[in-house]
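To start, the structure itself, in structure tokens.
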There are 2 protein chains.
Amino acid sequence: MSPQKSNLKFAVLATDVALFSLQEGKLKVLLIKAKSKKFLGMPTLPGGLVGPKEKIEKAAERFIKRYTDPKGVYFEQLYTFGDPQRDPGGRVVSVAYLGLVPSAKIADISAESSWVSARMVPSLAYDHNAIVEAALERLRGKLSYTNIIQALFPEEFSLTELQEGYENILGRKLDKRNFRKRILSLGIVKKTEKQRKGEPNRPARIFRFVDNKIKVIEVL
Amino acid sequence: MSPQKSNLKFAVLATDVALFSLQEGKLKVLLIKAKSKKFLGMPTLPGGLVGPKEKIEKAAERFIKRYTDPKGVYFEQLYTFGDPQRDPGGRVVSVAYLGLVPSAKIADISAESSWVSARMVPSLAYDHNAIVEAALERLRGKLSYTNIIQALFPEEFSLTELQEGYENILGRKLDKRNFRKRILSLGIVKKTEKQRKGEPNRPARIFRFVDNKIKVIEVL
DNA sequence: ACAAAAGTGTTAGTGGTACACCCATGC
DNA sequence: GCATGGGTGTACCACTAACACTTTTGT
């Protein structure tokens, strides 16, 4: 509804980002150190206040650009956390985003940031543990009916690496033959002529995604 | 993140509700008349500003209580619309909710409100058409893997009525025998000893939902 | 007796799941 | 030649989808 000049009600508008990447096949989430008085030094998600004329998603990008180039990041609005008590410093409404980035695009890791296993997230400032949980749930759900996993992968990969990605995010093993049959029949990957080399075993064939960096709806 | 006293950035916080009900088997959405200058008299979703210490969902309930008792309504946060340009009167961030209510619980319809077919929504004020679209998409999606349809039904109903509800929301016909087999095998409904009476045809058996007003995850 | 909606089973096809061995390479 | 991970096919089972007639009531 429209603001009525006589009765304006304000809130502080913020955004927080649960940014994930797959590193050596493990799902990681980016944590930084809180700077506010109440939570000083505690791990938190990157985030902060949205400018008066700034799109919320742009602000989300701004808060992670120290850690990775936002251009390479897939963003999706997750949920809005607006409980009047969630920030002890006053009412802050935070629009949380899910972000996914291929590990190759991660910038140098500063001393204030760290990537921790999504399975072992420590206690975070504010309600950020709830944000991480919601993000994981969303990611796991979408894995099954979209090609969202592309946002976590480099351009070239082997089917075993892809399977490990699925397994690590879903938290369960998948059957190798059935997985390959399924992925190939969906037609979302195409094989290249390249092979992995230099490993003491049969070289893996390299694949690429077909509809490059587009996120469509499929079934797994 | 925490507000920093030296650099506060405010937004007007609002909420809008896409409230649906099934009336004679048809999915309807509640529209009211806009009161703001720019959109005076245009149809809009019910909504308005959130109080400084009010939970957003409570505000959403407050804005529909003229039309139905919020206790009987299923609420679910939908999406946050925060484009700096979305309200011509200034920056308003709206947290949109999906609401579902059984038609029996709808209060008297005032002159300023109307229930219109979800398939033929007129042009609405602000970006409210986008909110209705998002709500329909969410509702249709959840129909397939939750028992969310319960939120639109009275306690007692026939299987044909239930099927008509699914059909009208999904926008396609379902096979009667397969539908009944599926619903019964899911175990989400139980039959009662009652029957519909007074119609010039074979009376329908009356059913009830099993796990009353709880929303679990299933498959359709 | 007729109109109108309720109720009921079978079959064919598709997709999911379980499962074990050979292959290509580096050392 | 051995250790390591890569790569491949088949058989069974469960679920889906298509489909038409009989039943019960009111008039």
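Letters A, B, ... mirror the listed sequences (proteins, then strands); counts begin at 1. Because only heavy atoms are used, hydrogens play no part in the values below, and waters and symmetry mates are left out as well, while side chains stay in.
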Nucleotide D:dA17, atom P - distance to CZ of B:Arg182 in whole Å: 8 Å
Presence of donor-acceptor pair under 3.5 Å, side chain of A:Lys173 and base of C:dT17: no
For atom CG of B:Leu174 and atom P of D:dC19, their distance in whole Å: 15 Å
Sugar-phosphate only, base, or nothing, as touched by B:Arg180 at under 4.0 Å among non-hydrogen atoms: base
Sugar-phosphate only, base, or nothing, as touched by B:Lys197 at under 4.0 Å among non-hydrogen atoms: nothing
Length of the line joining B:Glu199:CD and D:dT25:P, which is rounded to integer Å: 13 Å
Atom-pair distance (CG on B:Asn178; P on C:dA12), nearest Å: 16 Å
Given DNA chain C, 5'-ward residue of the pair A:Gln195 and A:Lys176, judged by closest heavy atom: A:Lys176
D:dT16 base / B:Lys181 side chain donor-acceptor hit below 3.5 Å: no
Nearest-Å distance for atom pair CZ/C1', residues A:Arg202 and D:dG6: 5 Å
Evaluation steps, salt bridge (Lys or Arg N to Asp or Glu O under 4.0 Å), between B:Lys71 and B:Glu61: CA-CA 9 Å; B:Lys71 287 202 206 345; B:Glu61 292 177 5; over 6 Å; no
Plane angle bin for A:Phe209 and A:Phe157 - parallel if under 30°, tilted between 30 and 60°, otherwise perpendicular: tilted
Side chain A:Arg177 and base C:dA20 donor-acceptor under 3.5 Å: yes
DNA chain C: 5'-proximal contact among B:Thr160 and B:Asp175 (nearest heavy atom): B:Thr160
Crowding at CD, A:Glu137 (>12 non-hydrogen neighbours, <6.0 Å): no
Euclidean distance, atom CD1 of residue B:Ile183 to atom P of D:dC15 [Å, nearest integer]: 16 Å
Nearest-angstrom distance from the residue atom CZ of B:Phe179 to P of C:dA5: 18 Å
Salt bridge B:Glu155-B:Arg208, side-chain N to carboxylate O under 4.0 Å: yes
Distance, rounded to the nearest Å, where B:Asn201 contributes CG and D:dT27 contributes P: 10 Å
A:Tyr126 side chain to A:Ser36 side chain, donor-acceptor N/O pair below 3.5 angstrom: yes
